[in-house]
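Some notes on the structure that comes next.
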There are 2 protein chains.
Amino acid sequence: MISKKTKYAINALVYLAKKPLQQPILISEIAEHEHIPQKFLEAILLNLKKDGILASKKGKGGGYFLLKSPNDVNMADVMRLFDGPIALLPCVTYKYYQKCEECTDEDSCGIRSVFLEVRNHTVELLKKATLAEIIKRGESVH
Amino acid sequence: MISKKTKYAINALVYLAKKPLQQPILISEIAEHEHIPQKFLEAILLNLKKDGILASKKGKGGGYFLLKSPNDVNMADVMRLFDGPIALLPCVTYKYYQKCEECTDEDSCGIRSVFLEVRNHTVELLKKATLAEIIKRGESVH
DNA sequence: TATTAGTCTATTAATTCAATAGACTTTGTA
DNA sequence: TACAAAGTCTATTGAATTAATAGACTAATA
């Protein structure tokens, strides 16, 4: 299961992606519309800003808006930002790799082989799942 | 990431699946060989027994052994037993379903659509990953 | 210059995960 | 038949992570 943080982040991003380009949206508006505790959301949006996905404007008339194109923001990146690795085992992650204590030879580990396959498929699907794709699916499916 | 409990369970199961049929193996032997805290392992094996995957024999000469065929024990079942749902969102699980508060229509939710796809692919792969398959992969890959 | 709105740091509450302790029951065998 | 081996069961504890909150600070606009 993804954390609430990630879930909130995705909801907020989709919400922003549906708004006109560069138009600052109040944190409070997002929080209310998406049922997210405002203070919690503030931290999330700040993370997304640090990562270059969002930008913000301070003061009156300020708020957050999408900096990257909806085509360039995918679920794999968002999940990694908040929850860390997508892989189910430490020995099949790229950035957070950790060897199994009891493992003598990874290349001949059947368990690793299975979970590597799962990871690769999952990452592939999540990379394709951009904000643009999510919005498109929401419109087309009925 | 799967929990250590699940990881330990898988390691123990693979270990047992490599042993002769019906031969009771000591908890202590598994614990030592797989680097698992013995008391922790006891609880895990008990769960696997309650679920009908393992059987045990008490007293001297006792221990645990595989009850189901290695072909009938898959990673999806084991993961669900210890970690719960495989899905990444509560609204795409079968047994642990929970509606999203802010969601008005699931069928038109692009987010749900993406994560449903991920879940289905993952479950499919994990169902194919039986103990027999894992052992086979461990032998063939070099 | 007052008000609005994002920024930052710290703290707390709640939950889950991992591990441990110890008493109890069953069973084989000397 | 008594002892020792080995699994069973319940409870508890400690650690880590997740979720949420509080409040002071900074920047920008009218």
Side-chain angles (χ1 to χ4, degrees), chain A residues 1-12 16 22-32 34-67 79 81-85 88-90 96 98 101, chain B residues 1-12 16 22-32 34-67 79 81-85 88-90 96 98 101:
Chain A
M1 288 277 168
I2 63 177
S3 66
K4 290 208 174 180
K5 218 168 188 172
T6 300
K7 175 93 192 306
Y8 291 157
I10 295 172
N11 286 138
L16 288 176
Q22 312 277 343
Q23 184 192 317
I25 308 292
L26 290 184
I27 296 180
S28 59
E29 179 185 331
I30 307 172
E32 197 172 338
E34 300 296 322
H35 299 90
I36 306 172
Q38 177 157 347
K39 275 288 180 183
F40 200 24
L41 179 59
E42 286 179 14
I44 292 166
L45 297 177
L46 216 45
N47 273 344
L48 289 168
K49 182 186 173 183
K50 274 184 191 138
D51 204 60
I53 295 173
L54 296 180
S56 67
K57 207 185 155 205
K58 281 189 173 182
K60 201 166 189 178
Y64 276 92
F65 53 92
L66 207 57
L67 187 60
M79 283 179 59
L81 183 59
F82 293 103
D83 285 351
L88 294 169
L89 283 181
Y96 301 83
Q98 254 188 303
E101 280 181 24
Chain B
M1 289 278 169
I2 64 176
S3 66
K4 290 208 174 178
K5 218 168 188 171
T6 300
K7 175 94 193 304
Y8 290 158
I10 295 172
N11 286 141
L16 289 176
Q22 312 278 340
Q23 182 191 318
I25 308 294
L26 291 183
I27 297 180
S28 58
E29 179 184 332
I30 307 173
E32 197 173 339
E34 300 296 322
H35 300 89
I36 307 171
Q38 176 156 347
K39 274 288 179 182
F40 200 25
L41 179 59
E42 285 178 14
I44 292 167
L45 297 177
L46 216 46
N47 274 345
L48 289 167
K49 182 187 174 184
K50 273 183 191 138
D51 205 60
I53 295 173
L54 297 181
S56 67
K57 207 185 157 209
K58 279 189 174 183
K60 204 168 188 175
Y64 276 92
F65 53 92
L66 207 58
L67 187 60
M79 283 179 59
L81 183 59
F82 293 102
D83 285 351
L88 294 169
L89 284 181
Y96 300 83
Q98 253 188 306
E101 278 181 26

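Chain naming here is simple, since letters A, B, ... match the order of the sequence lines and numbering starts at 1 in each.
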> Excluding sequence neighbours, so at least two apart, what forms salt bridge (Lys or Arg N to Asp or Glu O under 4.0 Å) with Glu34(B)?
Replying inline: none
> In chain order, what residues pass the side chain to side chain contact (heavy atoms under 4.5 Å, CB included) check against Leu89(A), with sequence neighbours excluded?
Replying inline: Cys91(A), Val92(A), Ile111(A), Phe115(A), Ile2(B), Lys7(B)
>> Test side-chain contact (heavy atoms from CB on, under 4.5 Å) on Phe65(A) and Gln23(A); report intermediate values, then the result.
In response: CA-CA 6 Å; Phe65(A) 53 92; Gln23(A) 184 192 317; 5.8 Å; no
> Among dG7(D), dA19(D), dA20(D), which is the nearest nucleotide to the side chain of Tyr8(A)?
Replying inline: dA20(D)
>> Measure CE/Met1(A) against P/dT15(C) and give the value in whole Å, please.
In response: 17 Å
> Tell me: NZ of Lys7(B) to C1' of dA19(C), nearest whole Å?
Replying inline: 17 Å
> What is the distance from CG of Leu41(A) to C1' of dA5(C), rounded to the nearest Å?
Replying inline: 13 Å
>> How many whole angstroms separate atom CZ of Phe65(A) from atom C1' of dA5(C)?
In response: 14 Å
>> Tell me which residues in residues 44-53 of chain A lie within less than 4.0 Å of DNA chain D, going by non-hydrogen atoms.
In response: none
Could you write out each protein N or O paired with an N or O of nucleotides 23-30 of chain C at a distance under 3.5 Å?
from: dT26(C); atom 1: O4'; to: Lys58(B); atom 2: NZ; distance (Å): 3.4

>> Under the rule for ring pair (Phe, Tyr, Trp, His ring centres under 6.0 Å), what residues qualify as partners of Phe40(A), not counting sequence neighbours?
In response: Tyr8(A)
Donor-acceptor contacts, no H, no angles, side chain residues 48-62 of chain A, under 3.5 Å, sequence neighbours left out:
from: Lys49(A); atom 1: NZ; to: Ser56(A); atom 2: OG; distance (Å): 3.0

> Mapping Asp83(B) and Glu42(A) to their closest nucleotides on DNA chain C, which lands nearer the 5' end?
Replying inline: Glu42(A)
>> For Glu32(B), give me all partners under side chain to side chain contact (heavy atoms under 4.5 Å, CB included), at least two apart in sequence or on another chain.
In response: none
>> Rounded to whole Å, please give me the gap between CD in Glu29(A) and C1' in dT4(C).
In response: 15 Å
>> So, using side chain to side chain donor-acceptor pair (under 3.5 Å) as the criterion, who are the partners of Ser3(A) when residues are at least two apart?
In response: Thr6(A), Asp83(A)
>> Just to verify, what does Lys39(A) make a salt bridge (Lys or Arg N to Asp or Glu O under 4.0 Å) with, not counting sequence neighbours?
In response: Glu42(A)
>> Are His35(B) and Asn11(B) packed together at the side-chain level, in the sense that at least one heavy-atom pair is separated by less than 4.5 angstrom?
In response: no
> Roughly how many Å is it from CD1 in Ile2(B) to C1' in dT16(C), rounded to a whole number?
Replying inline: 16 Å
> Mapping Lys4(A) and Ile25(B) to their closest nucleotides on DNA chain D, which lands nearer the 5' end?
Replying inline: Ile25(B)
> Roughly, in whole Å, what's the span from CG in Leu67(A) to P in dG6(C)?
Replying inline: 16 Å
>> Tell me the interatomic distance from His35(A), atom NE2, to dA19(D), atom P, rounded to whole angstroms.
In response: 18 Å
